[in-house]
Amino acid sequence: MQEKYSHKLTDKKWQEYWRDAKLMSMDETSQKPKYYCLMMFPYPSAALHVGHGRNYIIGDAVARYMKMKGYNVLTPMGWDAFGLPAENAAIKNGVHPKELTFNNITTMKSQLEEWGVLYDWDREVASCNPDYYKWTQWLFLKLYEKGLAYKKEAAVNWCPGCQTVLANEQVVNGACERCSSEVQQKKLKQWFFKITDYAQKLLDDIQLLDGWPQRVKTMQANWIGRSEGAYIDFKVNGLDKTLTCFTTRPDTIFGATYMVVAPEHHYVEEILKISENKDKVLKFLEKIKGQSSFQRQSEQVEKEGVFSGLYVINPVNKDKIPLWIANYVIYGYGTGSMMAVPAHDQRDFDFAKKYNLDIKLVIDNPKDTLNGPSMKEAYEDIGVLVNSGKFDGISSSEAKTAITSWMQDNNMGKKAITYKLRDWLISRQRYWGAPIPIIYCEKCGIVPVKEKDLPVELPADVEFKPTGVSPLEDKKEFIEATCPKCGGVARREVDTMDTFVDSSWYYLRYLSPKNEKVAFEKQLVDKWLPVDQYIGGVEHAILHLLYSRFITKVLFDIKAVGFKEPFANLFTQGMIIKDGAKMSKSKGNVVSPDKLIEQYGADTVRVYTLFIGPPEKDAEWNDRAVEGAWRFLNKVWRLMHQTTQEGNFYITDDELIVKLTVKTNEVIKKVTFDIENSFHFNTVISSIMELVNVAKEVVDKQLESNSLKGKVESKSPYDVKETLEVICLLLSPLAPHICEEMWRNLGHSKSIFLHPWPKHNEKVLSQGQMEIIVQINGKLRSRINLDKGISEEQIKAAVLEDEKVKNLIANATIKKVIVVAGKLINIVVN
RNA sequence: GGGCGAGUGGUGGAAUGGCAGACACGUGGGACUUAAAAUCCCAUGGAUGAAUAAUCCGUGUGGGUUCGACUCCCACCUCGCCCACCA
């Protein structure tokens, strides 16, 4: 064994060894229990920084740990390889997206290897390969068959920068998530997945996700946004037309004093035809059009509206109330129109004040009687109904159901549930994605491509120009097709699919990545899924995870898989921050792992990354503190060297033996608990540091006592090697290279990762003495060392006999004594 | 406005309701060295102390529960993230 630790001696050697030995390959014939450990597959962008590294290092540590715990571990990796950045780069630099993507994949793979992160590379997938996207297209066909893929004209978010359509989820503060251009509205015919059909199931089954962070579950529930209420029909005065609104407060229907429709509402066209107020309405619509969607959505924009010139009839009391058009009504939610109850909704109240509309009190505050005209703000709480006909006097919560069923009986409205969740718009007017497998025939209309004709391959040479339509539009050989139904002349769909479709099922493909006959084998996925541990960034808390859940449920319903949820346990790691901000090229605060790995080695970078803080929380990167991890590994190496160079090293002093063996077993217990319970590798490392510190101290003391004459020999000396092995084993998932090296130096011929994880021995823990804290009236006053394992009564007696304690309570009477086993005693006196 | 999370030394952070500040980083001092690096040792929340004595204060603020609160409950303040004119 070298005297000094050098990562240059260990890193490459063991990386190659593990790779050749296929250490992390799943064993298909194994009888061991399975463990599917999955990292969110990355988009192949230029180069990884230490922030990305955290994700892979955590995952690798978990996978190695579970392997040592005796599981048959599946830990695959792949590439979410379609998408805009590669295509944008192609437009800019003229490099084909495919070339760029695969170059990036090569770079990232070698970076992962340098970190010592292992995967079952035989199962690698890339979503841009035809043998993968063939099955993404198959998935589309399955949804189409089930009526879950449909085409409709829709006002879509159009990014003028990327020249494409964006999903609602890709619009952030009215701007494109990618290029920050201001998003415009545009009407296009687009393909959608009917995720709204699964809104309730997606919401209900959140309950099944015991292993998910509460935060993510809440975010999903909010995103689905279920609300219960009623649809209520309002007849337009004097016309044979009904406008329906959605409300969560049917109890306030008697207080509706006007009605509002969104400016985009289809009825606005009718209004313009017949309204006497047409000019003002037109002027208003013009003004609203000038406001970007971002302006409309921000709260700074004042509620504005215009009287339509028409009236509607409140069905419950036949009141004739004005119909308004206003910017604060969202076309996409509910019915795009709403009843306004100014007395009991703050927004309606503000609007009514501004335009001098009636405010009618229908819910009274039982504690403090309200007076309609003098109200300063809306009363939104529960209360007792007034001015509500036969419903006067009942509570508002009762009234909700009572009024709804009464309206239902009288054909005025009905119970309703709405969701904020919208259907998933999957069309992209882009090249670098999976083509939507659809053919348009003049005779037969929309015809899906036959499964046997998949994949619909992307042509290689196309012109990359942002024109607002897919580059495939220019590609005659691609567009021209024959109708699969009638054989006639037809044309192909030129849009490609949102990359979230690619990533919504990849975890199934890993089980049979090369199968050319099916997307995945039911028997295999049913055995291996749900994923035991999914690890990734919280930024995917909504989109990717919701889409994956949706696709899994669809596949379950068509009996393609036998499970309802894809991911049993989810771990979302925190971001690495540098100089107070997320690492990004534009901010110039990116820390590259390459130099650090060159200087300190992979294990130092890994240990520091895990030591930086609890993995689920954000953490600030500190280059200087990396040094601490380096020093620690060197310390371990020196201890190892010092105690193995000249044969076995025995501890012969009984006290030292107890100290070291107790600590060794305590740390095994603590480390195992911290990994199992929370992946808190930061405390795992600090515990191992403590063990190393104690071992060092014991070894030094032993060396001192060896040089002393007349030392007392123990009857059963302790070989330090036992503790050294434990240190190697506990540290190996975190710092695999150095541990593998030290393990071999300890005389083992097989890889440390094939050795079982150590178990602690409770009996050892009960040896020696414990320190009992003595509190008087809850304040720390003394400490007393007592033998472990004595009873509470004995502790109490021993403490009360103690001279110091006696003095402290000399002039007081003892009221009560509380003993906490093994820890503390609190004497309550007065 | 709603939801979630967080507030502990100079810094990152630790603490099943039971010794607050583990483990590190940094800093100061010392040993070794011609010197430096590396390594090792000591100190390191604040206050009053000559003090290695001793005592008091101290986990955002104010209350509460408890023998005992960083931890639980209530109210508030600050910060972060997500959502947001969702009827």
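We name chains A, B, ... by the order of the sequence lines, and we start the count at 1 in each one. Just the heavy atoms: all of them, side chains too, but no hydrogens, waters or symmetry mates, feed the values below. Bear in mind that the values here come from a model prediction, so they are computed numbers and not experimental data.
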Among [options], the nucleotide that comes nearest once only the side chain of [X] is considered:
X	options	result
A/F611	B/rG12, B/rU16, B/rA87	B/rG12
A/R215	B/rC23, B/rC19, B/rC4	B/rC4
A/Y328	B/rU39, B/rC86, B/rC85	B/rC85
A/K823	B/rA15, B/rU16, B/rA87	B/rU16
A/L780	B/rA87, B/rA20, B/rC82	B/rA20
A/S686	B/rC85, B/rA22, B/rG12	B/rA22
A/I330	B/rA87, B/rA14, B/rU39	B/rA87

Over all heavy atoms of both residues, which pair between [X] and [Y] is shortest? Give the atoms and the distance, please.
X	Y	value
A/K796	A/I825	CA-CD1, 3.8 Å
A/S678	A/F571	O-CE1, 4.0 Å
A/K217	A/W212	CE-O, 3.6 Å
A/H344	A/Y379	ND1-O, 2.8 Å

Regarding [X], tell me which of base, sugar-phosphate or nothing describes its non-hydrogen contacts under 4.0 Å with the strands shown.
X	result
A/Q346	nothing
A/N682	sugar-phosphate
A/F632	nothing
A/G628	sugar-phosphate
A/V820	base
A/L824	base

Using atom [atom1] of each nucleotide, how far apart are [N] and [M] to the nearest Å?
N	M	atom1	answer
B/rU59	B/rG18	C1'	16 Å
B/rG13	B/rU65	P	34 Å
B/rC42	B/rC25	P	14 Å
B/rA22	B/rG60	C1'	23 Å
B/rG1	B/rA84	C1'	8 Å
B/rC67	B/rG12	P	37 Å
B/rG68	B/rA20	P	15 Å
B/rA15	B/rG63	C1'	25 Å

Counter-base of [N], judged by Watson-Crick or G-U geometry with both distances under 3.5 Å:
N	answer
B/rA35	none
B/rC25	B/rG10
B/rG18	B/rC67
B/rC86	none
B/rG58	none
B/rG49	none
B/rC79	B/rG5

Quick one: is [N] close enough that its OP1 or OP2 comes under 4.0 Å of any side-chain N or O from [X]?
X	N	answer
A/R638	B/rC40	yes
A/R781	B/rU55	no
A/N826	B/rG18	no
A/N693	B/rA24	yes
A/R347	B/rC86	yes
A/K779	B/rG18	no

On the side chain of [X], is there an atom forming a donor-acceptor pair with the base of [N] - under 3.5 Å, no angle test?
X	N	value
A/R783	B/rC19	yes
A/Q775	B/rG18	yes
A/K816	B/rC67	no

Earlier contact from the 5' end, RNA chain B, for A/D348 and A/I612: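 Per heavy-atom nearest nucleotide, the more 5' residue is A/I612.
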
With nearest nucleotides of RNA chain B determined for A/E771 and A/Y419 from heavy-atom distances, which residue corresponds to the more 5′ nucleotide? A/E771

Report yes or no: does A/W630 contribute a side-chain atom to a donor-acceptor pair with the main-chain N or O of A/Q599 at less than 3.5 Å? no

Assess the side chains of A/E627 and A/Y600: does a donor N or O sit below 3.5 Å from an acceptor N or O? yes

Going by the angle between their ring planes, with limits at 30° and 60°, are A/W424 and A/Y547 parallel, tilted or perpendicular?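 Taking A/Y547 first and then A/W424, their aromatic rings lie parallel (interplane angle under 30°).
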
Do A/V694 and A/L660 touch side chain to side chain, with heavy atoms closer than 4.5 Å? yes

Please give, in whole Å, the distance from B/rC23 P to A/K663 NZ?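 From A/K663 NZ to B/rC23 P: 8 Å.
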
